[in-house]
Amino acid sequence: MYEGVVQDLIDELGQLPGIGPKSAQRIAFHLLAADPADIARLQDVLGKVREGVQFCEICGNVSEQQQCRICRDTRRDTSQICVVEEPKDVLAVERTREFKGRYHVLGGALDPLSGIGPDQLRIRELLTRIGGEEVTEVIIATDPNTEGEATATYLVRMLRDFPGLAVTRLASGLPMGGDLEFADELTLGRALSGRRAL
């Protein structure tokens, strides 16, 4: 344990996702040794994030304006909506350069044990969007874990009543360059059940 404000800094950094006690300590001592101008820039950016970043009124992605750049882009296909859990997932899909539609960020996944139900997610907003726009396909791109699967199953049940709406799920299976012998049973099973004709 360190004294006073140094320990407070380590404790606060340790609250960030993916930062353990050792990493928090390293970051804290890096900041203590950093140039005051670097610290001032970091403070300035943190202040701007709190004041200037908001969530898009349409899709829920992070934005500096009421609508994010993707929702403002008139070249995007408005008939397709890719549903993701978090804003970081939008960036992951965008990096593929394969999807030209729009997004809907749920703000998490169903997790009853943590008290996250449908009312805590942006599901109602998704249903409103589909009912008011010319959407023909909803691609469910939630994480392939227990919470993501529960969310996908719930969304499929909610969306099946929309006439003419195709509801699809991202394929899952073996990664490129992977070896069969190192694949776990669940991944290999999904790859087999999701096989397609060539």
Side-chain angles (χ1 to χ4, degrees), residues 15-19 45-173 186-187 189-190 193-194:
Q15 298 297 316
L16 297 172
I19 306 285
V45 168
L46 288 173
K48 287 178 181 174
V49 164
R50 284 299 304 154
E51 296 166 10
V53 175
Q54 54 190 316
F55 293 97
C56 176
E57 65 184 7
I58 297 174
C59 72
N61 194 11
V62 291
S63 178
E64 290 186 345
Q65 300 177 24
Q66 285 187 324
Q67 294 180 5
C68 70
R69 65 175 175 75
I70 295 172
C71 288
R72 289 191 317 263
D73 189 348
T74 57
R75 296 170 297 177
R76 302 295 292 223
D77 183 358
T78 58
S79 69
Q80 289 184 319
I81 294 178
C82 181
V83 179
V84 296
E85 292 179 20
E86 302 289 345
K88 61 182 172 54
D89 301 328
V90 171
L91 182 61
V93 176
E94 281 294 287
R95 279 196 307 257
T96 67
R97 298 177 188 260
E98 293 292 322
F99 182 66
K100 304 298 182 208
R102 303 240 172 124
Y103 294 92
H104 188 84
V105 180
L106 294 172
L110 293 175
D111 188 2
L113 296 177
S114 299
I116 301 173
D119 293 337
Q120 283 73 44
L121 302 177
R122 299 184 70 251
I123 294 174
R124 190 177 314 109
E125 291 86 345
L126 173 64
L127 299 176
T128 302
R129 279 183 76 184
I130 294 168
E133 297 178 13
E134 295 295 323
V135 179
T136 58
E137 181 183 13
V138 172
I139 303 165
I140 300 174
T142 53
D143 290 339
N145 55 26
T146 306
E147 294 82 9
E149 291 298 322
T151 305
T153 302
Y154 182 82
L155 288 173
V156 167
R157 278 200 330 257
M158 298 301 291
L159 297 172
R160 72 168 61 137
D161 294 332
F162 286 89
L165 180 67
V167 181
T168 58
R169 178 92 165 104
L170 287 185
S172 60
L186 183 61
T187 302
R190 288 219 174 163
S193 65

| note | Here the ring pair (Phe, Tyr, Trp, His ring centres under 6.0 Å) pairs for residues 103-130, sequence neighbours left out, are Phe99-Tyr103

| field | Interatomic spacing from CD in Gln66 to SG in Cys71 - rounded to 0.5 Å | value | 12.0 Å

| field | Non-neighbouring partners of Phe55 that pass ring-ring contact (aromatic ring centres under 6.0 Å, His included), sequence neighbours left out | value | none

| Which heavy atom in Cys56 sits nearest to a heavy atom in Ser63, and how many Å separate them? | N-CB, 4.3 Å

| message | Which heavy atom of Gly148 sits nearest to which heavy atom of Thr142, and what is that distance? | response | O-OG1, 2.9 Å

| query | Which residue, Val167, Leu159, Leu155, forms the side-chain contact (heavy atoms from CB on, under 4.5 Å) with Val83? | reply | Leu155

| query | Sequence neighbours excluded, which residues qualify as salt bridge (charged side-chain N to carboxylate O under 4.0 Å, His left out) partners of Arg169? | reply | Glu149

| said: For Asp73, give me all partners under salt bridge (charged side-chain N to carboxylate O under 4.0 Å, His left out), at least two apart in sequence or on another chain. | reply: Arg75

| field | Test salt bridge (charged side-chain N to carboxylate O under 4.0 Å, His left out) applied to Arg72 - qualifying residues, sequence neighbours left out | value | none

| Sequence neighbours excluded, which residues qualify as side chain to side chain donor-acceptor pair (under 3.5 Å) partners of Arg76? | Glu94

| field | Backbone N/O of Gly117 and side chain of Gln120: donor-acceptor pair under 3.5 Å | value | yes

| note | CG (Asn61) and CD (Gln67) are apart, to the nearest 0.5 Å, by 12.0 Å

| request: Scan residues 56-82 for pairs that pass ring pair (Phe, Tyr, Trp, His ring centres under 6.0 Å), counting only residues two or more places apart or in two chains. | output: none

| request: Take Leu165 and Thr136 through the test side chain to side chain contact (heavy atoms under 4.5 Å, CB included) and record every step on the way to the result. | output: CA-CA 5 Å; Leu165 180 67; Thr136 58; 5.7 Å; no

| task | Provide the full list of side chain to side chain donor-acceptor pair (under 3.5 Å) pairs with a residue in residues 156-168, sequence neighbours left out, each pair given once. | result | Glu137-Thr168

| request: Could you pull out the closest heavy-atom pair between Gly101 and Ile70, with the gap in Å? | output: O-CG2, 4.3 Å

| query | Within the side chain of Ser114, is there an N or O that forms a donor-acceptor pair under 3.5 Å with the backbone of Ile116? | reply | no

| note | Between Glu86 and the options Asp89, Val84, Val90, the side-chain contact (heavy atoms from CB on, under 4.5 Å) test singles out Asp89

| field | Residues that Arg129 engages under salt bridge (charged side-chain N to carboxylate O under 4.0 Å, His left out), provided they are two or more places apart | value | Glu133

| task | Not counting sequence neighbours, list each pair that qualifies as a ring pair (Phe, Tyr, Trp, His ring centres under 6.0 Å) and has a residue in residues 65-94. | result | none

| task | Look only at the side chain of Glu134 and the backbone of Thr78, and say whether a donor-acceptor pair between them is shorter than 3.5 Å. | result | no

| said: Looking at Gln54, I want to see if its CD is surrounded by more than 12 non-hydrogen atoms of other residues, nucleotides or ligands under 6.0 Å. | reply: yes

| field | Euclidean distance, Arg102 CZ relative to Ser79 OG, rounded to 0.5 Å | value | 10.0 Å

| said: For Thr151, give me all partners under side chain to side chain donor-acceptor pair (under 3.5 Å), at least two apart in sequence or on another chain. | reply: none

| query | Mind checking whether Tyr154 and Ile123 have side chains closer than 4.5 Å, heavy atoms only? | reply | yes

| field | Pairing residues for Lys88 by the side chain to side chain donor-acceptor pair (under 3.5 Å) criterion, not counting sequence neighbours | value | none

| remark: Rounded to the nearest 0.5 Å, the CD atom of Gln80 sits from the CD1 atom of Ile139 at a distance of 4.5 Å

| note | Output for pair (Cys82 SG, Leu170 CG), nearest 0.5 Å, gives 6.0 Å

| Nearest atoms (heavy-atom pairs only) where Leu127 meets Met158 | CD1-CE, 3.7 Å

| task | Can you see which heavy atom on Arg122 is nearest to which on Cys59, and at what distance? | result | NH1-O, 2.8 Å

| field | Closest approach of Leu110 to Ala150 (non-hydrogen atoms, all atoms of both residues) | value | CD1-O, 3.9 Å

